[in-house]
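The structure appears right after this line, and notes come after that.
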Amino acid sequence: MALALVVYQRPNLLLLDEPTNHLDLDMRQALATALQSFEGAMVIVSHDRHLLRTCCDQLWLVHDQRVDEFAEDLDSYPRWLAKQIAPKLDDKPSNTASRKDQKRLEAERRQKAQPYSKKKITQAEELMKSLQVDVATLEQQLSDNDLYDASRKDDLTKVLAEKARVDAALEDAEFAWFQAEEQLENLLQELED
């Protein structure tokens, strides 16, 4: 009801929930540029750090059933998150643990987390290679002049539809690869800090 009342008043407001999902890099940049020139208020919920860096003046944090302004910058968020998660880890060293034990436990955590991220990266890379082969095959079919003959209209339609499906799947796989790479990089950075 509250949202309906806000909409009824026709404010100069954009509510965006993960607006860059399923966009390629060029479209993500175009969206960021368009949002920068928007003169109204925006509420953006996103994991896209580039978008947040380029379009946001304030960061708000949803945590412990509350919404508060995040006093630090976006680069500080992984450290803040690590501090929130750290007490929950069973293998966190106690205050009396030696520095050597602490380093050993950090290395074990790193080893536990890396295979998952690396597995996601490898899976995305394999899927991208497979889809790139499919794209090349479909482009080869589309380069055949006979396919554009009026009698083969149904064949052309099928090939174009398959090409659109494969292109979308490739874009999704590239985005999954990008996210997995970023997660691994952030994990390694957090463990080093």
Point to revise | Side chain proximity check, V45 to L15, heavy atoms < 4.5 angstrom | key: no
Review point. Got a donor-acceptor contact below 3.5 angstrom from the T33 side chain to the Q29 backbone?
Key: yes
Review point. With side chains defined as the heavy atoms from C-beta onward, is the minimum distance between I44 and P19 less than 4.5 Å?
Key: yes
Exercise for review: Inspect the contact between R49 and D75 and indicate whether a charged nitrogen and a carboxylate oxygen are less than 4.0 angstrom apart.
Suggested key: no
Review point. Given D48, which of T20, N21, T54 fulfils the side chain to side chain donor-acceptor pair (under 3.5 Å) condition?
Key: T20
Point to revise | Shortest non-hydrogen separation from L61 to F70 and the atoms involved | key: CD2-CD1, 3.9 Å
Study note, to complete from the structure: Interatomic distance, CD@Q36 vs SG@C56, rounded to 0.5 Å, equals 10.5 Å
Study note, to complete from the structure: In short, V159 meets Q141 closest at the heavy-atom pair CG2-OE1, 3.4 Å
Point to revise | OG1 on T137 to CG on L142, rounded to 0.5 Å | key: 11.0 Å
Check your understanding: Tracing side-chain links under 4.5 Å among I, L, V, M, F, W and Y, which residues wind up in one group with V62?
Key -> W60, V67
Exercise for review: Tell me, yes or no, whether the heavy-atom count around E69 atom CD, taken from other residues, nucleotides or ligands under 6.0 Å, exceeds 12.
Suggested key: yes
Review point. Can you list every side-chain hydrogen bond (donor to acceptor under 3.5 Å, both in side chains) pair that touches residues 153-169, not counting sequence neighbours?
Key: R152-D155, E162-R165, K163-D167
Point to revise | Full working for side chain to side chain donor-acceptor pair (under 3.5 Å) between H22 and E171 | key: CA-CA 7 Å; H22 307 295; E171 188 176 312; over 6 Å; no
Practice item. List the atom of A32, the atom of C55, and the distance in Å for their closest heavy-atom pair. Key: O-SG, 3.6 Å
Check your understanding: Does R66 have any salt bridge (Lys or Arg N to Asp or Glu O under 4.0 Å) partners at least two apart in sequence or in another chain, and if so, which?
Key -> D68
